[in-house]
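Below is one structure; the comments refer to it alone.
Computed from heavy atoms alone, side chains included, the values below leave out hydrogens, waters and symmetry copies. A, B, ... follow the sequence lines: proteins, then strands. Residue 1 opens every chain.
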There are 4 protein chains.
Amino acid sequence: MMYVLTPKEKEAKKQLIAAAASKLFQKNDFNQISMAQIAHESGVAKGTLFNYFKTKENIFMYLLLSGYQDYLTEVLQRFQKTENITSWADFSSFILEQNHLLISQRTDLLRLNALRGPILETAADREQTLAGRKKLYEINRKLGQAIAERISLLSVKQASHLFIIQSAIISGLMNMMNLDEFHHDQLPVDFKVFQIDLEQEANQLMLFYLQGLEQKLEGAK
Amino acid sequence: MMYVLTPKEKEAKKQLIAAAASKLFQKNDFNQISMAQIAHESGVAKGTLFNYFKTKENIFMYLLLSGYQDYLTEVLQRFQKTENITSWADFSSFILEQNHLLISQRTDLLRLNALRGPILETAADREQTLAGRKKLYEINRKLGQAIAERISLLSVKQASHLFIIQSAIISGLMNMMNLDEFHHDQLPVDFKVFQIDLEQEANQLMLFYLQGLEQKLEGAK
Amino acid sequence: MMYVLTPKEKEAKKQLIAAAASKLFQKNDFNQISMAQIAHESGVAKGTLFNYFKTKENIFMYLLLSGYQDYLTEVLQRFQKTENITSWADFSSFILEQNHLLISQRTDLLRLNALRGPILETAADREQTLAGRKKLYEINRKLGQAIAERISLLSVKQASHLFIIQSAIISGLMNMMNLDEFHHDQLPVDFKVFQIDLEQEANQLMLFYLQGLEQKLEGAK
Amino acid sequence: MMYVLTPKEKEAKKQLIAAAASKLFQKNDFNQISMAQIAHESGVAKGTLFNYFKTKENIFMYLLLSGYQDYLTEVLQRFQKTENITSWADFSSFILEQNHLLISQRTDLLRLNALRGPILETAADREQTLAGRKKLYEINRKLGQAIAERISLLSVKQASHLFIIQSAIISGLMNMMNLDEFHHDQLPVDFKVFQIDLEQEANQLMLFYLQGLEQKLEGAK
DNA sequence: CATGAATGAGCCTTCATTCAT
DNA sequence: GATGAATGAAGGCTCATTCAT
């Protein structure tokens, strides 16, 4: 590695650190992860962490923001690749597929969503966060545009907003999950009513939402 | 001073402490509230806190569980008082009214929902939590029963589960709120697509869900 | 030791900690003393330190303020005990005796004087400091009063102020001392002109000052 | 870019760095100034700082030593320029003028004096310091010589030493200043007795000292 | 010689929890 | 049962200094 890093290399190291934090976050909760662990996991010194992120919360805010940027970018690519989406039904299927991907591959984002306000924002850097959100907003808009072009019922704004609702639904369901467990241990109960099959419930809720939305928009025409 | 408290007195003091924590939680985030503050606010000594709650997380877990017990009990009472609920449309209206109450009066529960898994369960007491959940489950069931008796389309289980979905929806939307703010400060942006009018969105989502559910259940007959 | 400490006992523990810091300060400079050392030296846990002093700087500010309170109180007692001070010459002798005591027994105060502004005030507690200064001001005034009663040439204010000048002189000379040493090691030089015999120079400077002052005040009559 | 700097260029860069540190020291205390800031202010990289000064403390020790060299050189020039200084009264006036210059233009030196022993010497380089002091001693001697030639009452040594006393007086008074402020904020008090008008008090103290000295020396003849 | 990324010892400080009284 | 003083592990974070390029 060179001794004067190019912006690209700096970004790479930032992601190296973030990746280490992300890996730890897969198995541990935010409070259980220490900067020392992240340093160890990423193979850099503790001080180096602070050259790239002002606070621990910033690392996770970065994870959240860049994670969503990646996710939405992927959604856009998948949308563009899938050219035969024209009807509302096609579109609904597409969205449910994204549900699947979000749930099966990006649980971290959904968990971070719940921590964003009450935990991360209390100590993350405002400007860094602002910059990340702007970027995210832009990607989200582009995605909305691409969708609105093909799905005439939806405005750009409505299409973009749909992904906020998607995350709300899934992370909300996650908040209510596992009430028959305690800190990942099964409790000696059979709370059937409390049980949530995340993907199934998310899909149903999303589907009903899309149906309702279609009717509403059709009616407004 | 008396040397043996009656169970009633003990319960009263427990609630005194919980009430103090609840008050603090209205204005502060979990991490910003210390046991010292709770002791001060409730007028008891720090050590006394631990006679009633094994850990700080337990206090907030208690807040969550007893708060939901109260909420669901109230819902049940309101349901029983409102005798003219018979049709699905009536029922939908009733649920949306409960949305309003939950959003305007029990925001604490929705915020605690987001912390339950990642924060509270890491240090709350398993048995205490288990007991609270059982109670809650019971109340939730009773509510489901009352509803199922009048809304023939819904089984007890389905009716009970609806309130899990309700909390999922609202607390999920809360997770995604205020992306144009940072730690309660307005950001210099106009993220229209990101904006969420909580009650309106919650009502729409709930309504669409109820519509979809009705159709599905009607179809299954 | 009781488990609910009386204010007197709390003050005693505060002084216990301060005394430990003071002892360490005899042999080490401010930056070389850590809170861990102070805890060890005083036989309490590190956390206990912070129950009594909000910051490290506060400990040393306390040392400075309480040390001066003690010093001035002692000066007052000595003044009251020495009844035969009536003339300006008697008074001069008295002051030079105090020089001796300050130099030989309270070097800590003189060293702390130099750190007060640039080091201690950057992190000491404002209110605690303010309270200490007020107390000190009061004692200083009392001393001035006692002196002014017997030395007619001096007003209360002038007499009080004299002790500020005394500290300025001595701590100023300390600032310029040991230029032929480096961190307590003798340098291989013979800087005669730079050498300061602290007590002798302080006495001379004080004496000349008192002489000048006398003439000035006599002239003003 | 050249690979070998001439001694002149090296000296220039050293002073560039020192000037940056000096500028920062005007508004901030020693502990609040970081090497990063000095690097930024001087426009060189952090690592470069260490090519010219072994430690941070060395920078400020250099500031102190070279500053005094400058100051004394200027005093000498002014003395040589002012040819009509012959009597003790003339000389006294001259010294008070130097007080004015030191106080109004070289506050940094007086503040550094207070830090020299307890802060700077703990980590400054011994040899570098020694070299600087020797130079300073030489200049101080020359100044003493020039004075002794014209003021017959004073030996070279006594004349030189006078400037040590001058700094002691002024930096000592600075140690005791602003007791009615806290970290540059006015306190809500009116500590008249504690107040010090630096230049006036310094002049009075210096004047009385010079008067006393004259009498003593006259008497010794 | 200059650079600035990396270092990591060391710092102060917090705070939930304990426990002697 | 109540108290609050004492605890001390654990934490995030700073920053002078190093050194590979």
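- Atom CG of B:Leu115 is separated from atom CG of A:Asn175 by 8.5 Å, given to the nearest 0.5 angstrom.
- With no hydrogens or angles considered, a side-chain donor-acceptor pair links D:Asn113 and D:Tyr68 at under 3.5 Å.
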Task: Secondary structure string for DNA chain F (Watson-Crick or G-U under 3.5 angstrom, | for other-strand pairs) - done: .||||||||||||||||||||

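- The distance from the OH atom of A:Tyr52 to the NZ atom of A:Lys14 is 10.0 Å, given to the nearest 0.5 Å.
- Of the options C:Leu112, C:Leu120, C:Thr55, a side-chain contact (heavy atoms from CB on, under 4.5 Å) to C:Met61 is made by C:Leu120 and by none of the others.
- For the pair A:Glu9 CD and F:dT21 P, the computed distance is 13 Å after rounding to whole Å.
- Mapping B:Ala36 and C:Gln37 onto DNA chain E by nearest heavy atom places C:Gln37 closer to the 5' end of the strand.
- Heavy-atom contacts from other residues, nucleotides or ligands closer than 6.0 Å to NE2 of B:His183 number more than 12.
- Taking the six-membered ring for Trp and the full ring otherwise, the centers of C:Phe25 and C:Phe60 sit less than 6.0 Å from each other.
- With salt bridges taken as basic N to acidic carboxylate O contacts below 4.0 Å, none links D:Lys27 and D:Glu41.
- Within residues 41-53 of chain C, the residues that have a heavy atom under 4.0 Å from DNA chain F are, in order of number, C:Val44, C:Ala45, C:Lys46, C:Gly47, C:Thr48, C:Asn51, C:Tyr52.
- Closest to the side chain of D:Met35, out of E:dT17, F:dA16, F:dA2, is F:dA16.
- Comparing F:dA6, F:dG12, F:dC13 by their closest approach to the side chain of C:Lys13 singles out F:dA6.
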N/O donor to acceptor pairs below 3.5 angstrom from side-chain atoms of residues 122-129 of chain D, sequence neighbours left out:
from: D:Thr122; atom 1: OG1; to: D:Ile119; atom 2: O; distance (Å): 2.6
from: D:Asp125; atom 1: OD2; to: D:Gln128; atom 2: N; distance (Å): 3.0
from: D:Thr129; atom 1: OG1; to: D:Asp125; atom 2: O; distance (Å): 2.6

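- Between C:Glu57 atom CD and E:dT13 atom P there is a gap of 7 Å when expressed in whole angstrom units.
- Following rounding to the nearest Å, C:Asn31 (CG) and F:dT14 (P) show an atom-to-atom distance of 18 Å.
- When rounded to the nearest whole Å, the span between NZ of B:Lys14 and C1' of F:dG1 equals 16 Å.
- Under a cutoff of 6.0 Å and an axis angle of 45°, D:Lys56 and D:Phe50 do not form a cation-pi pair.
- Look at CD1 on B:Ile17: it is 12 Å from C1' on F:dG1, rounded to the nearest Å.
- Between the C1' atom of E:dG4 and the NE2 atom of D:His40 lies a distance of 15 Å, rounded to the nearest Å.
- Rounded to whole Å, the distance from CD1 on C:Ile33 to C1' on E:dC12 is 15 Å.
- In this structure, A:Lys56 places its NZ atom 9 Å from C1' of F:dG11, rounding to the nearest Å.
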